[in-house]
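Naming convention: chains lettered A, B, ... in sequence-line order (proteins, then strands); numbering from 1 in each chain.
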Protein chains: 2
Amino acid sequence: MSQDPLRLARPAVPPAYTIAAVDRAIALLELLADHPHAGVTQLAKLAGSTKSQVFRLLHTLERRRFVRKDNAQRSYALGLGALLLGERARLHTDLIRLAQGHLDALADATRENIYLTIRDGLSAVCVDMRHSPQPLRLYAEVGRAAPLHVGGGPKLLLAFAPDEVIEAVLKRPLTRFTNRTEVSAASLRRALAAIRQAGANESHGDLDSDAFSFAAPVRDLGGGVIAALSIAGPNSRLTQAAATRYRALVASHASALSRELGAPPVVTPPGAPIQLATATRAKGRRS
Amino acid sequence: MSQDPLRLARPAVPPAYTIAAVDRAIALLELLADHPHAGVTQLAKLAGSTKSQVFRLLHTLERRRFVRKDNAQRSYALGLGALLLGERARLHTDLIRLAQGHLDALADATRENIYLTIRDGLSAVCVDMRHSPQPLRLYAEVGRAAPLHVGGGPKLLLAFAPDEVIEAVLKRPLTRFTNRTEVSAASLRRALAAIRQAGANESHGDLDSDAFSFAAPVRDLGGGVIAALSIAGPNSRLTQAAATRYRALVASHASALSRELGAPPVVTPPGAPIQLATATRAKGRRS
DNA sequence: AGAGTTCGATGCGGACGACGCAACAGCGTT
DNA sequence: AACGCTGTTGCGTCGTCCGCATCGAACTCT
């Protein structure tokens, strides 16, 4: 945040009750996540805080194993406690827990990278994945925020996001990754409509020029799209037959997972007698 | 200073400079990890605190996505923030980051469960694993604390732990899991000495009566054992040939990982005769 | 090797933010 | 409809955290 000349010590607004020290601690943790092996002084500067505060926060977090002093006591990194808590959080989330079997099955059936992606605000976040056993170097990292306008899973999530999210994304400049990246707001809008109508998405080289991605939506009890399941790999390994197979596989597993999550049976008839694409009055469904 | 009113949740050591609110927040997170989908009142009771404190902590944590209100706003669970932080923590840890390739390679070569386990105090904790693609139901969960006196990896960690840890473990009653669980302190001591001498460990049916486990030590720069790499599966799938292969495989990958972590080349136990020397040639070649 | 310049760690008092109490508001049940 | 339970909020007081300043120590530069 930028500096506020007058620290609003007079909370005129309803002071949504948050505990400042805890908030600072979490901010510090996330700061540390982005700056591994930073020291007290560096973190204090980055956080716009004082050394003593940062030091005491780190000390507290260290006793709980959330951070860990590295080697010669000169730098800090996230610790075991954070890691373990993350694993526990994974077990608390039905989506991820129930997805395990499908991720494994897809990985086994395709031998390509498998992603489970959700939307977090204006970003896409991969919450679980399976690595391909074959040699390839695709961007692949659980937990890193990615833009919503490129890639099989992210673009699918954007297509089913509330209107205000779509507008917010379109308002900001769309970064170009390859020459096939969709950077025009108008045509991206058309692409999103097509995705909604198809109930699936596939992208070819819009994020990595040599990568494909087949994505299908995962829905929860309310029928809203809460995640995207996707198969990704290098184009060099993509045959026509494989593409057909991947389309069917990812759709099948995504709808099976949706069913396990309690989603209403099947929304779009596979014969498509009537296609009311955007006519479904599914307004903004908050996540 | 030495006022000691009987406070349930007062583990704080007097002189250490810790921020109480942050400490409470972390305690609450770990409490919530053990009691998924608990409410405010229940958590307050469990923490020995008041409703308002717990509520405000939860509110603060929720704004940061560390906890998440479930369905009808009546229960809380760990949220996305905790999960993502855990993933970041994973990237901060050399051991886990460098182990990925070896875990994948072992999983591919054996098609059994692969574990990377460390010691945390008087418990063993699995920090990463690969699931076998074959059907079997072994205990398998990242992040859950396990006893040190049973299982291939844990017992290996105990063998190389400081004496005070061994003594502390032996002092407490050793829970019996199967009829092959080692519960006598004297014979466990002998077993640990044998493990140290062999520089490896394998366990058969001491935790699960139908499970085997081959474990090898991972060392860091100082030459100390910091983790155990292990292959585990059901005895029904273990042939004589597989056992020989697993012994060599796990030892090879553990020593390769140790080398990547900067461990001194080959550690020969001082004054110990050469045990079964598995040929260290032909290391797993990966990209 | 010595001194300078960082860094991390610590004491202290004052100020402000968090805590506990108790009342309020939804919701399911009796 | 009233009750009991839940989560939520107001408010004053007190205890806790924060900032400043200092110390100790490690690395570096000449």
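Nearer to the 5' terminus of DNA chain C, by closest-nucleotide assignment, is the contact made by A/A38 (compared with the other of B/L57 and A/A38).
Summarising the geometry, the separation between CG on A/L28 and P on D/dC18 is reported as 11 Å, rounded to the nearest angstrom. Taking atom CG on B/L58 and atom P on D/dT9, their separation rounds to 13 Å, with Å as the unit. Nucleotide C/dG17 holds its P atom 14 Å from the CD1 atom of B/I19, rounded to whole Å. Between B/H37 atom NE2 and D/dT6 atom C1' there is a gap of 18 Å when expressed in whole angstrom units. Atom CG of B/L43 and atom C1' of D/dC5 are 16 Å apart (whole Å). As rounded to whole Å, 15 Å separates atom P of D/dC5 from atom CD of B/Q42. Protein atom CZ of A/R24 is 16 Å distant from nucleotide atom P of D/dT16, rounded to whole Å.
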Atom pairs under 3.5 Å, N or O on each side, protein against nucleotides 9-16 of chain C: can you list them with distances?
unit_1: C/dA9; atom_1: OP1; unit_2: A/K69; atom_2: NZ; d: 3.2
unit_1: C/dA9; atom_1: OP2; unit_2: A/Y76; atom_2: OH; d: 3.2

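The side-chain heavy atoms of A/F66 and B/I26, taken from C-beta on, include a pair separated by under 4.5 Å. Side-chain atoms of B/L78 and B/R68, non-hydrogen and from C-beta on, never get closer than 4.5 Å to each other.
Of all heavy-atom pairs spanning A/L85 and B/A33, the tightest one is CD1-CB, 4.3 Å. Closest approach of B/A77 to B/L32, counting heavy atoms only: C-CD2, 3.8 Å.
Counting only residues at least two apart or in different chains, side chain to side chain donor-acceptor pair (under 3.5 Å) contacts with residues 82-92 of chain B comprise A/D34-B/R88, A/E87-B/R90, A/R90-B/E87.
Here the straight-line distance linking atom CG of A/D94 with atom CG of A/D220 works out to 10.5 Å at 0.5 Å rounding. One finds the CZ atom of B/R172 at 10.0 Å from the CG atom of B/L148 (value rounded to the nearest 0.5 Å).
For A/T50 and D/dG19, the shortest distance from a side-chain N or O to OP1 or OP2 is below 4.0 Å. Residue B/R74 has no polar side-chain atom (N or O) positioned under 4.0 Å from OP1 or OP2 of D/dC5.
Of the N and O atoms on the side chains of A/Q100 and B/H131, not one donor lies less than 3.5 Å from an acceptor on the other residue.
Overall bending of the helix from C/dA1-D/dT30 to C/dT30-D/dA1, expressed as the angle between end axes built from five pairs apiece, is 40° (10° steps).
Both tests hold for A/R219 against A/F160: distance to the six-membered ring centre under 6.0 Å, angle to the ring axis within 45°.
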